Peer 1: 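First the structure, which I've put down as structure tokens, then a few questions once you've had a look.
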Amino acid sequence: MNNKTAHELHNELKNKKISSVELTEAVFAQIEKVESKVQAFVTLTKEEALKQAKAADERIENNHNLTPLTGIPIAIKDNMCTKGILTTCSSKILSNYLPPYNATIVEKLKEAGAIMVGKTNMDEFAMGSSTENSGLHPTNNPWNLNTVPGGSSGGSAAAVAADECILATGSDTGGSIRQPAAFCGVVGLKPTYGRVSRYGLVAFASSLDQIGPLTKDVTDTATVLNIISGHDPKDSTSVNISVPDYQKSLINNIKGLKIGYIKELLGKGIDKEVKVTIEKAMKKLAELGAELIEVSMPSFEAAVATYYLIAPAEASSNLARYDGVKFGHRSKEAKDLLTMYYNTRQEGFGTEVKRRILLGTYALSAGYYDAYYLKALKVRTLIKQDFDKAFAECDVLISPTAPTVAFKIGEKTADPLSMYLSDIATIPVNLAGLPGISLPCGFSNNLPVGLQIIGKAFAEETILRVAFTYEQNTDWHKKKPQL
Amino acid sequence: MQIDIDHVAKLARLGLSEEEKKVFGEQLGKVLDHANELQKLNTDNVSPTSHAIPMKNVLREDKVVVCQNTEDILANGPETEDNMFKVPRIVE
């Protein structure tokens, strides 16, 4: 039963065909069976999960305050604070951190009655595109254990694909939900910046970070989005506008919708087979009644460079808090304050985090600020303007989620720039603060290909509608890896 | 591109081994060469975007709230004493 979707399981729970305890036990049986191969989790919370499942069953028995997530097992990315439960960001510097509070989304999921099964592996501090930068252990792609699951929410995507949970949460700063969703053949949505509270999300790049769901189909994505969206007084960047019922966006009809395909993301640097797969998806969307229009985004050429100045700059500031004073690791070799800072950070941070702190510090330093950081902020405006222009004539935009399918473990670790360039299709969406979804649209080399659908700000409804229509008229989301 | 890695590491309060200095210096040089592509784009009269969605300052009432979980917070401290975080001596 753990291979089913949340909406299917919700019906079975409601009709008493199964109990949440049975479902939770099935999930842990699957974890027992495949986790040694996949390694999606950094912490498992079985005891607490079974307790919560029992409470959910009582809730169902009494038909009290039921939500579509009551009794459904969910995995939480390890950069979201869980009260009294390790929250490590897959970093040695936080390896003993027990948050004194819950992230807002954790609180909301708990209230809805979802069952937390554990915390998932990630690139350290969400910096990476393969989960190879985890300071704890790598995660393997369930479709081919020699390839990466993508990143940084690689543990969440792999856990959903391997049926080690029904749903998962991820965070997305430059593609960290959508790219692993694509690599693992699941659905992943990054909401508009400000749609979901970031309170309790360990900050990476605060103007880009956003939390969203990873699920087995589009319906479940809408379900989770309904629960986690909305204004939060504890996050001053969360936007105070009403949240629609996203279930109502699940309309199997896109007749007359204008879909722009991004020319620059079907050309140089995009794998041939990925391109062919996306073109087939475009044909399908046209058959379903959408009007396809070519759009050009000339500024995208500069998007990766822009992102890899802005995100590290913000990170270098956000990560200044890891100083060994109030929480996390402190170096034993600390005789004075400065040595404590130097040694704590040298011992606690991994290679990629150090690289980005240095890059960001450099971009913000005297003499280089204007040439790098400020220039990047101006190019960010150009990228936003390109989107505005495209959305003046299109309802949504589409592209491949990633330029290739999942790559081999170790293939890109020695060359950071080649790893960074694999984020080309997802990064512009974060820079413009827009919502984007990735859903399965085919295979290349027996590995999943993801279709990205980008919407206007706060137009999650439209991308869900297009994604739902595509999904209902194809079978890709039903394919499962053999483990 | 060459960067003064010692200076940047000092600004970031980040200790580095000699090997790390060498490798990071080369890798960051390559990334910054790529970043120089930005200079090709004309951004005269373009204003910078620091937030994609318009943001305004959010203020709340300035009132005292008692912290309920001091113990949990202190429990995370590497070294604590009487409700305080302990650090190496700063002033001689």
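To find a chain, count down the sequence lines: A is the first, B the second, and so on, and within it residues start at 1. Below, all heavy atoms of this structure are taken into account, side chains as well, without hydrogens, waters or symmetry copies. The structure displayed is predicted, hence computed values, not measured ones.
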Peer 1: Flag yes if more than 12 heavy atoms outside B:Glu20 fall under 6.0 Å of its CD atom; otherwise flag no.
Peer 2: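 Yes, because the 6.0 Å sphere around CD of B:Glu20 holds more than 12 heavy atoms from other groups.
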Peer 1: Which value, rounded to the nearest 0.5 Å, describes the distance between B:Ile73 atom CD1 and A:Tyr101 atom OH?
Peer 2: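 Here the interatomic distance stands at 9.5 Å.
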Peer 1: Measuring from atom CZ of B:Arg13 to atom CG of A:Leu338, what distance do you get when rounded to the nearest 0.5 angstrom?
Peer 2: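 Going from the CZ atom of B:Arg13 to the CG atom of A:Leu338 covers 5.5 Å.
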Peer 1: If you count heavy-atom pairs under 4.5 Å with chain A, which of B:Ile5, B:Ile53, B:Asn69, B:Asn57 comes out on top?
Peer 2: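 That would be B:Ile53.
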Peer 1: Looking at B:Ala52, B:Ala9, B:Ser50, B:Ser17, which one has more heavy-atom pairs under 4.5 Å with chain A than the rest?
Peer 2: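 Option with the greatest count: B:Ala52.
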Peer 1: Go through the atoms of B:Asn42 and report whether side chain, backbone, both or neither lie under 4.5 Å from a heavy atom of chain A.
Peer 2: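 Only the backbone of B:Asn42 comes within 4.5 Å of chain A.
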Peer 1: If I take atom NZ from residue A:Lys375 and atom CD from residue B:Gln39, how far apart are they, to the nearest 0.5 angstrom?
Peer 2: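 Interatomic distance, A:Lys375 NZ to B:Gln39 CD, rounded to 0.5 Å: 5.0 Å.
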Peer 1: Can you tell which part of B:Leu16 gets under 4.5 Å to a heavy atom of chain A, answering side chain, backbone, both or neither?
Peer 2: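 B:Leu16 touches chain A through backbone and side-chain heavy atoms alike.
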Peer 1: Any idea which of A:Asn430, A:Ile357, A:Thr351 has the most non-hydrogen atom pairs under 4.5 angstrom with chain B?
Peer 2: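 Highest number of heavy-atom pairs under 4.5 Å: A:Thr351.
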Peer 1: To check you understand the geometry: which heavy-atom pair defines the closest contact between B:Met55 and A:Thr237, and what is its length?
Peer 2: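 Smallest interatomic distance, heavy atoms only, reads CE-O, 3.5 Å.
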Peer 1: Considering only heavy atoms and a distance below 4.5 Å, find which of A:Lys354, A:Lys83, A:Glu314, A:Glu347 pairs most often with chain B.
Peer 2: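 Heavy-atom pairs under 4.5 Å are most numerous for A:Lys354.
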Peer 1: With respect to chain B, which residue among A:Leu358, A:Leu374, A:Leu337, A:Leu417 yields the maximal number of heavy-atom pairs within a distance under 4.5 Å?
Peer 2: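 That would be A:Leu358.
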Peer 1: Give the member of B:Leu38, B:Asp72, B:Leu74 that has the highest number of heavy-atom pairs under 4.5 Å with chain A.
Peer 2: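 When all of B:Leu38, B:Asp72, B:Leu74 are compared, B:Leu38 has the most.
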Peer 1: Do other residues, nucleotides or ligands put more than 12 heavy atoms under 6.0 Å from the NZ atom of B:Lys21?
Peer 2: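 Yes - once you tally the heavy atoms of other residues, nucleotides and ligands closer than 6.0 Å, there are more than 12.
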Peer 1: Output yes when a side-chain donor or acceptor of A:Thr381 lies under 3.5 Å from a complementary backbone atom of B:Thr49, and no otherwise.
Peer 2: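 Answer holds: yes.
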Peer 1: Taking the six-membered ring for Trp, are A:Tyr193 and B:His51 ring centroids under 6.0 Å apart?
Peer 2: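 Ring-ring flag for A:Tyr193/B:His51: true, centres closer than 6.0 Å.
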Peer 1: Let's test your reading of the structure: which of B:Arg89, B:Lys86, B:Arg60, B:Glu37 forms the most heavy-atom pairs below 4.5 Å with chain A?
Peer 2: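 Counting heavy-atom pairs under 4.5 Å, the top option is B:Lys86.
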Peer 1: Specify which of B:Asp4, B:Val23, B:Val87, B:Leu32 makes the most heavy-atom pairs with chain A at under 4.5 Å.
Peer 2: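 Winner by heavy-atom pair count: B:Leu32.
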Peer 1: So which of B:Asn36, B:Leu11, B:Leu41, B:Leu14 has the biggest tally of heavy-atom pairs under 4.5 Å with chain A?
Peer 2: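 Top count of heavy-atom pairs under 4.5 Å with chain A: B:Leu14.
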Peer 1: Looking only at non-hydrogen atoms, find the nearest pair between A:Ala334 and B:Pro88 and report the distance.
Peer 2: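 Looks like O-CG, 4.2 Å.
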Peer 1: Ignoring hydrogens, what is the shortest heavy-atom contact between A:Ala305 and B:His34? Give both atom names and the distance.
Peer 2: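 Shortest heavy-atom contact: CB-CD2, 3.8 Å.
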Peer 1: Side chain, backbone, both or neither: which part of A:Tyr368 has a heavy atom under 4.5 Å from chain B?
Peer 2: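 Neither; nothing under 4.5 Å.
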Peer 1: Would you say that B:Asn76 contacts A:Tyr97 through its side chain, given a criterion of any heavy-atom pair below 4.5 Å between the two side chains?
Peer 2: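 Yes, close enough: below the 4.5 Å cut-off.
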Peer 1: With side chain to side chain contact (heavy atoms under 4.5 Å, CB included) as the criterion, how do A:Arg355 and B:Val31 come out once you've worked through the C-alpha distance, each side chain's angles and the decisive distance to 0.1 Å?
Peer 2: CA-CA 10 Å; A:Arg355 210 155 28 220; B:Val31 174; over 6 Å; no
Peer 1: Tell me yes or no: between the side chains of A:Lys378 and B:Ser47, is some donor less than 3.5 Å from an acceptor?
Peer 2: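 Looking only at side-chain atoms, B:Ser47 and A:Lys378 do not form any donor-acceptor pair under 3.5 Å.
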Peer 1: In terms of heavy-atom pairs under 4.5 Å, which option from A:Ala371, A:Gly360, A:Ser206 contacts chain B the most?
Peer 2: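 The residue among A:Ala371, A:Gly360, A:Ser206 with the greatest pair count is A:Ala371.
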Peer 1: How long is the span from the CZ atom in A:Arg330 to the CZ atom in B:Phe85, to the nearest 0.5 Å?
Peer 2: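 Separation between the atoms: 9.5 Å.
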Peer 1: Rounded to the nearest 0.5 Å, how far does CD of B:Gln27 lie from CD of A:Glu352?
Peer 2: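 Answer for the CD-CD pair, A:Glu352 versus B:Gln27, is 8.5 Å.
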